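Since the structure comes first, as structure tokens, the remarks are kept for the end.
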2 protein chains.
Amino acid sequence: MTQYDVVIQYRKGRYIIEYENFAKEMNRGYLQLLVMVLLQESMYGYQIVRELEKRNYIIEENTLYPLLRRLNNKKILQSNWEIVEGKPRKYYQISEDGKKVLEKLIDIWLRQNQLLKNLLGGSKDV
Amino acid sequence: MTQYDVVIQYRKGRYIIEYENFAKEMNRGYLQLLVMVLLQESMYGYQIVRELEKRNYIIEENTLYPLLRRLNNKKILQSNWEIVEGKPRKYYQISEDGKKVLEKLIDIWLRQNQLLKNLLGGSKDV
DNA sequence: TTTACATACTGTGCGTGACACAGTATGATG
DNA sequence: CATCATACTGTGTCACGCACAGTATGTAAA
């Protein structure tokens with residue numbers, strides 16, 4: 001915690017650089033979109049975490065599992081259990097309703113991208 | 001509300017298509033990024049709403065004003081009042097701390113973009 | 001052999017921000 | 001003189017990211 005740090009607050013027993021919070025917010029919406037895109041092929045939770053890890057994107061298990069459950073409850077995803085090597089795995093895939101929502105989200109994402117690209121005006125290669 | 005609609009729930013006196021909720025989530029993080037990018041030049045709230053409207057991006061006043069206040073409280077933004085044509089206007093600009101956060105957010109955004117682009121595999125022109 | 005780590009889930013609760021709702025005040029237009 | 005555009009303020013609700021805590025199996029190291 002130096003003069004160079006950004007905005008600091010004490011929470012849950014440690015100092016939080018405020019941009020950790022902003023980073024969190026950046027995930028909202030995006031993670032849902034990401035998961036829906038991935039689950040066009042059937043996958044289980046742990047597999048998703050590892051797959052994204054390989055692609056240098058860290059998603060917390062604490063984030064992903066509740067997310068999968070929520071999307072499942074909303075019928076955005078479908079799921080089925082399989083026993084593999086004595087351990088149960090819950091496989092998820094996007095549902096027909098989910099595909100419709102996914103389309104909308106990709107639309108939004110494209111529009112957001114376009115706008116930001118314009119505002120940054122070529123200073124970033126997006 | 002037809003068989004073609006996606007996921008429906010009744011709230012606040014009307015039916016909500018579930019993807020409105022997903023759309024909402026898509027704004028989290030992104031709006032903060034957007035505002036920080038815009039406020040590299042000094043602007044006031046109402047002006048931001050109209051400016052984005054021109055660019056076909058609707059941001060609710062109910063969303064923007066609280067957002068500006070929050071970012072101001074966190075010293076991400078600075079503000080000053082001016083009286084124009086007898087009416088007070090609160091002008092905001094990004095602060096030095098804010099610029100550091102903005103850089104991080106753009107990084108995150110670029111990484112998210114890259115990953116999603118890869119996953120969508122050329123099927124979308126991003 | 002027991003300790004520890006990887007695998008693969010479950011449940012509950014907190015904090016934050018998008019947006020709803022409500023309100024204030026001025027100037028211009030009809 | 002009513003209504004609309006301008007330009008803010010304050011407070012409350014709800015959903016989601018993530019923290020925290022727990023369960024259970026298989027495997028590798030000490």
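Chain naming here is simple, since letters A, B, ... match the order of the sequence lines and numbering starts at 1 in each. Bear in mind the structure is a predicted one, so any value in this text is a computation, not a measurement. Below, all heavy atoms of this structure are taken into account, side chains as well, without hydrogens, waters or symmetry copies.
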Side-chain N or O of [X] versus OP1/OP2 of [N]: is the shortest distance under 4.0 Å?
X       : N      : value
B:Gln47 : D:dT6  : no
B:Thr63 : C:dA18 : no
B:Lys24 : C:dT16 : no
B:Tyr65 : D:dC8  : yes
B:Arg69 : D:dT9  : yes
A:Tyr44 : C:dA8  : yes

Expressed in angstrom and rounded to an integer, what is the separation of [X] atom [atom1] from [N] atom [atom2]?
X       : N      : atom1 : atom2 : answer
B:Asn21 : C:dA18 : CG    : P     : 14 Å
A:Ile83 : C:dT7  : CD1   : P     : 18 Å
B:Gln32 : D:dG17 : CD    : C1'   : 14 Å
B:Met26 : D:dG17 : CE    : C1'   : 15 Å
A:Leu64 : C:dT7  : CG    : P     : 15 Å
B:Met43 : D:dA7  : CE    : P     : 12 Å
A:Tyr57 : D:dG17 : OH    : C1'   : 11 Å
B:Leu67 : D:dT9  : CG    : C1'   : 15 Å

Q.
Heavy atoms only, 4.0 Å cut-off, all strands: where does A:Pro66 land among base, sugar-phosphate and nothing?
A. base
Q. What is the nucleic acid contact for A:Arg28, judged by heavy atoms within less than 4.0 Å: base, sugar-phosphate only, or nothing?
A. base
Q. Want to settle it: does A:Pro88 or A:Glu25 sit nearer the 5' end of DNA chain C, counting the closest nucleotide to each?
A. A:Pro88
Q. If you draw a 6.0 Å radius around NZ in A:Lys90, do more than 12 non-hydrogen atoms from other residues or ligands fall strictly inside?
A. yes
Q | A:Asn62 (side chain) and D:dC20 (base): donor-acceptor pair under 3.5 Å | A | yes
Q. Is any side-chain N or O of B:Arg70 under 3.5 Å from a base N or O of C:dG17, one able to act as donor and the other as acceptor?
A. no
Q.
A cation-pi test, strictly: NZ or CZ of A:Lys74 under 6.0 Å from the centre of the six-membered ring of B:Phe22 and no more than 45 degrees from its axis. Yes or no?
A. yes
Q) Cationic tip of A:Arg50 within the cone over A:Tyr46's six-membered ring, i.e. under 6.0 Å and within 45° of the normal? A) yes
Q) Can you check side-chain contact (heavy atoms from CB on, under 4.5 Å) on A:Leu120 and B:Ile106, steps first, answer last? A) CA-CA 10 Å; A:Leu120 290 174; B:Ile106 290 178; 4.1 Å; yes
**Q.** Residue whose nearest DNA chain D nucleotide is more 5′ - A:Ile59 or B:Val84
**A.** B:Val84
Out of [options], which has the shortest distance to the side chain of [X]?
X       : options                : result
A:Asn27 : D:dG17, D:dC8, C:dA8   : D:dG17
A:Leu31 : C:dG17, D:dC8, D:dC18  : D:dC18
A:Tyr46 : C:dT7, C:dT12, C:dG17  : C:dT7
B:Lys74 : C:dG17, D:dA15, D:dG17 : C:dG17

Q) Looking just at side-chain N and O atoms, do A:Tyr65 and A:Arg69 make a donor-acceptor pair shorter than 3.5 Å? A) no
**Q.** Geometric class of the A:Tyr30/A:Tyr57 ring pair [parallel <30°, tilted 30-60°, perpendicular >60°]
**A.** tilted
Q) If the sugar-phosphate is the primed atoms plus P, OP1 and OP2 and the base is the rest, what is the B/S/- string for nucleotides 25-30 of chain C, using protein heavy atoms under 4.0 Å? A) -BS---
Q.
With heavy-atom distances below 4.5 Å as the criterion, would you say the side chains of A:Leu105 and A:Val101 are in contact?
A. yes
Q: Before giving the answer on side-chain contact (heavy atoms from CB on, under 4.5 Å), spell out for B:Gln93 and B:Asn80 the whole-Å C-alpha distance, their side-chain angles and the decisive distance to 0.1 Å.
A: CA-CA 9 Å; B:Gln93 320 89 45; B:Asn80 58 292; 2.9 Å; yes
Q: List the atom of B:Lys75, the atom of B:Ser95, and the distance in Å for their closest heavy-atom pair.
A: O-OG, 2.6 Å
